Amino acid sequence: MRKEKSVLSINIKINNADAYVGQDVTLTGWVQKRIDKGRLQFVHLRDGTGVMQCVVFKKNLPEDQFDAARHITLESAVSISGALRAEERAPGGFELDANAFAVISRAEDPYPLAPKRDGGEHGSDFLLNNRHLWLRDPRQTAILRTRATLVGAIRNWLDDQGFVLVDTPIITPAAAEGTTNLFATEYFEEPAYLAQTGQLYSEATIGAFGRVYCFGPTFRAEKSDTRRHAMEFWMVEPEMAFTELDENMEVIEQFVSHCVQTVLRERAADLAALERDTTRLQNVLPPFPRIHYDDAVKLLHANGYPDFPWGEDFGAPHEDAISAQFDKPVFVHHYPRGVKAFYMQPDPERPDTVLACDLIAPEGYGEIVGGSQRMHDYQTLLDAIDAHKLPQEAYEWYLDLRKYGAQPHSGFGMGLERVLMWLCGLPHIREALPFPRLYRRFYP
RNA sequence: UCCUGCGUAGCUCAAUCGGCAGAGCAACCGGCUGUUAACCGGUUGGUUCCUAGUUCGAGUCUAGGCGCAGGAGCCA
């Protein structure tokens with residue numbers, strides 16, 4: 001008889017529970033928590049869309065099924081059927097009165113990750129070694145859902161603004177910027193490298209589409225061992241023909257604001273679960289403050305770094321000192337030529353500076369966007385390649401672009417994980433990637 | 001790569017002056033029909049990171065190594 005009941009019950013997802021109150025339903029998922037009250041068992045079932053408290057009374061189901069529920073292990077895969085009803089005392093506002101309990105796969109015990117207690121937390125080393133299981137934690141799912149929403153916001157805005165997604169290669173023949181260490185691999189018998197940027201290729205595709213972007217993983221083989229660095233990370237790189245520095249900054253502030261506001265709107269519950277104070281994020285609307293590098297240096301002189309020399313790049317403490325003066329992301333533009341990439345266009349009025357802009361996030365999250373106007377004159381670019389002692393033959397195709405319809409053009413790169421850290425208030429980049437590749441760590 | 005700190009039960013951590021290896025949580029067994037980090041009783045659980053040294057005796061001291069964390073540099 002009970003069998004007939006569960007056959008008739010409807011398979012539903014927990015986030016649709018409100019539509020099935022009063023009906024007999026079946027849930028499948030993983031046991032997140034069990035509270036043993038003897039003849040009464042509270043089983044908290046997670047199905048990927050939410051968590052449902054299931055009430056298992058001994059008298060409401062066959063004895064073998066009750067015993068199975070009473071001894072079920074954490075993270076076992078189970079199917080639970082019963083009547084769904086609204087219940088104030090239950091965590092999500094709904095509760096399932098179980099009349100059938102089936103074990104699909106019993107998890108081994110003990111489950112390696114303990115529920116949070118005042119007796120102690122897990123350390124980051126242990127958690128990262130168990131990343132394949134740590135991902136099930138409510139905090140981690142909130143972060144990764146937010147990441148997915150952020151990716152969607154990025155793509156939607158660019159698509160709506162007429163940017164065309166044009167993918168750039170991950171396997172590349174030579175160092176794009178020459179300076180950074182690349183992951184080396186092999187293309188049959190020839191040396192090859194994993195891309196650290198798609199930008200140079202996007203400078204080619206703007207000749208076909210005008211406005212483009214590439215969005216995918218990028219790779220840096222630098223031995224950077226900090227909370228802000230991963231060896232494999234995602235970067236979105238829009239590129240625009242017939243566009244100079246000021247317009248580039250306008251696009252960036254519109255774009256970043258849209259991303260922030262979309263996440264605030266669509267992921268409010270997840271940000272609340274992360275205990276993120278979003279008051280300062282609400283402020284992130286155009287225009288953003290813009291300061292010239294010269295003025296940024298003066299600002300540092302007046303705020304704790306009196307000896308900072310003109311001509312050097314900012315380190316993390318300097319970025320923090322600058323961003324602390326503003327309640328929004330702040331642009332620093334016109335950097336000294338010596339600290340920026342070879343392809344950036346010098347300012348004709350200040351040839352010791354380039355038409356570059358970095359966007360520094362508030363609250364100590366550092367640089368999230370780096371952009372610039374690119375050299376469009378053939379000879380200027382050739383001289384720059386020579387000055388940086390880069391192999392000209394590797395850049396022939398890039399130089400070629402300056403021969404056929406060259407024009408002032410600009411673009412920028414935004415680090416997905418850096419932005420996600422800022423939005424979610426994460427202390428370390430390791431939580432911003434599903435399977436982070438960190439210095440000396442790429443398992444699992 | 002540099003600076004600083006830390007490696008003890010599955011996890012998070014104690015262990016006085018160099019003198020018997022401990023707790024909480026998890027797990028397991030039992031009790032409880034309203035728990036939300038349940039509660040109560042009981043049980044199990046150790047290569048004290050590795051190697052060498054000092055000592056009657058080393059988790060503790062010394063040297064080297066390995067691992068991890070935080071910060072810096074580099075960058076997004």
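All values below come from the heavy atoms of this structure, side chains included, with hydrogens, waters and symmetry mates left out. Each chain gets a letter, A, B and so on, in the order the sequences are listed, and its residues count up from 1. Values in this document were obtained by computation on a predicted structure and should not be read as measured data.
- Heavy atoms of A:Phe233 sit under 4.0 angstrom from at least one base atom.
- In this structure, A:Tyr293 has its ring center under 6.0 Å from that of A:Trp310.
- RNA chain B is contacted by both A:Leu40 and A:Leu113; A:Leu113 maps to the nucleotide lying nearer its 5′ end (nearest heavy atom per residue).
- Among the heavy atoms of the strands, none lies under 4.0 Å from A:Glu88.
- When heavy atoms are screened at a 4.0 angstrom cut-off, A:Gly123 is found touching the sugar-phosphate backbone but no base atom.
- Distances were taken from every side-chain heavy atom of A:Ile35 (C-beta onward) to each of B:rA72, B:rG34, B:rU36; the shortest belongs to B:rU36.
- Atom-to-atom distance recorded for A:His376:NE2 and A:Leu401:CG is 13.5 Å, nearest 0.5 angstrom.
- Here B:rA69 is the nucleotide among B:rA69, B:rC28, B:rU12 with the atom lying nearest to any side-chain atom of A:Leu128.
- A:Gln53 comes within 4.0 angstrom of a nucleotide base, judged by non-hydrogen atoms across all strands.
- Ring centroids of A:Phe288 and A:Phe326 are separated by 6.0 Å or more, keeping the two rings apart.
- Both distances falling under 3.5 Å, in either a Watson-Crick or a G-U wobble arrangement, place B:rG41 opposite B:rC29.
- Phosphate contact (OP1/OP2 of B:rU1, side-chain N/O of A:Lys223, threshold under 4.0 Å): present.
- The listed nucleotides are B:rU33, B:rU35, B:rA76; the one nearest the side chain of A:Ile429 is B:rA76.
- No engagement by A:Asp358 is indicated, since no non-hydrogen atom pair under 4.0 Å with the nucleic acid exists.
- Ranking B:rU36, B:rG34, B:rG73 by closeness to the A:Arg85 side chain, first place goes to B:rG34.
- Searching all strands for a Watson-Crick or G-U wobble partner of B:rG34 with both distances below 3.5 Å returns nothing.
- Base pairing analysis places B:rA76 opposite nothing; no Watson-Crick or G-U wobble pair with both distances below 3.5 Å involves it.
- Of the side-chain N and O atoms in A:Lys33, one or more sit less than 4.0 angstrom from OP1 or OP2 of B:rA38.
- Atom CE in A:Met344 sits about 11 Å away from atom P in B:rC75, given to the nearest Å.
- Pairing for B:rA23 is with B:rU12, a Watson-Crick or G-U wobble pair whose two hydrogen-bonding atom distances lie under 3.5 Å.
- A:Ile368 comes within contact range of the sugar-phosphate backbone alone, with a heavy-atom separation under 4.0 Å but no base atom that close.
- Aromatic ring centres of A:Phe255 and A:Phe412 lie closer together than 6.0 Å.
- OP1 or OP2 of B:rA69 lies within a sub-4.0 Å distance of a side-chain N or O belonging to A:Arg441.
- Here the P atom of nucleotide B:rU35 and the NZ atom of A:Lys58 are 21 Å apart, to the nearest Å.
- Tested against A:Glu417, the residues A:His229, A:Arg147, A:Arg228 include a single side-chain hydrogen bond (donor to acceptor under 3.5 Å, both in side chains) partner, A:Arg147.
- If you check every strand for non-hydrogen atoms under 4.0 Å, A:Ser124 touches sugar and phosphate atoms only.
- Checking B:rU1, B:rC68, B:rU36 against every side-chain atom of A:Asp125, the shortest atom distance belongs to B:rC68.
- The base-pairing partner of B:rC61, taking Watson-Crick or G-U wobble contacts with both distances under 3.5 Å, is B:rG53.
- Rounded to a whole Å, the CD1 atom of A:Ile72 is 13 Å from the P atom of B:rA27.
- The pairing partner recorded for B:rC17 is none, the criterion being a Watson-Crick or G-U wobble arrangement whose two distances lie under 3.5 angstrom.
- A 6.0 Å sphere centred on CZ of A:Phe442 holds no more than 12 heavy atoms belonging to other residues, nucleotides or ligands.
- Here A:Arg430 lies in heavy-atom contact (under 4.0 Å) with sugar-phosphate atoms only.
- Looking at A:Val263, A:Leu264, A:Asp270, A:Thr262 one by one, the single match for side-chain contact (heavy atoms from CB on, under 4.5 Å) with A:Glu266 turns out to be A:Thr262.
- When rounded to the nearest whole Å, the span between CZ of A:Phe126 and C1' of B:rC49 equals 17 Å.
- Shown here, B:rG67 forms a base pair with B:rC6; the pair counts as Watson-Crick or G-U wobble because both key distances fall under 3.5 Å.
- With B:rG34, B:rA26, B:rA76 as the candidates, the nucleotide lying closest to the side chain of A:Glu87 is B:rG34.
- Closest to the side chain of A:Arg70, out of B:rG73, B:rG31, B:rC11, is B:rG31.
- Regarding A:His229, its NE2 atom lies at a distance of 14 Å from the C1' atom of B:rU1, rounded to whole Å.
- Atoms CG (A:Asp225) and C1' (B:rC3) sit 13 Å apart, rounded to a whole Å.
- Each of A:Arg39 and A:Ala316 was matched to the nucleotide of RNA chain B holding its nearest heavy atom; the match closer to the 5' end belongs to A:Arg39.
- On the P atoms, B:rC25 is 28 Å away from B:rG59, given to the nearest whole Å.
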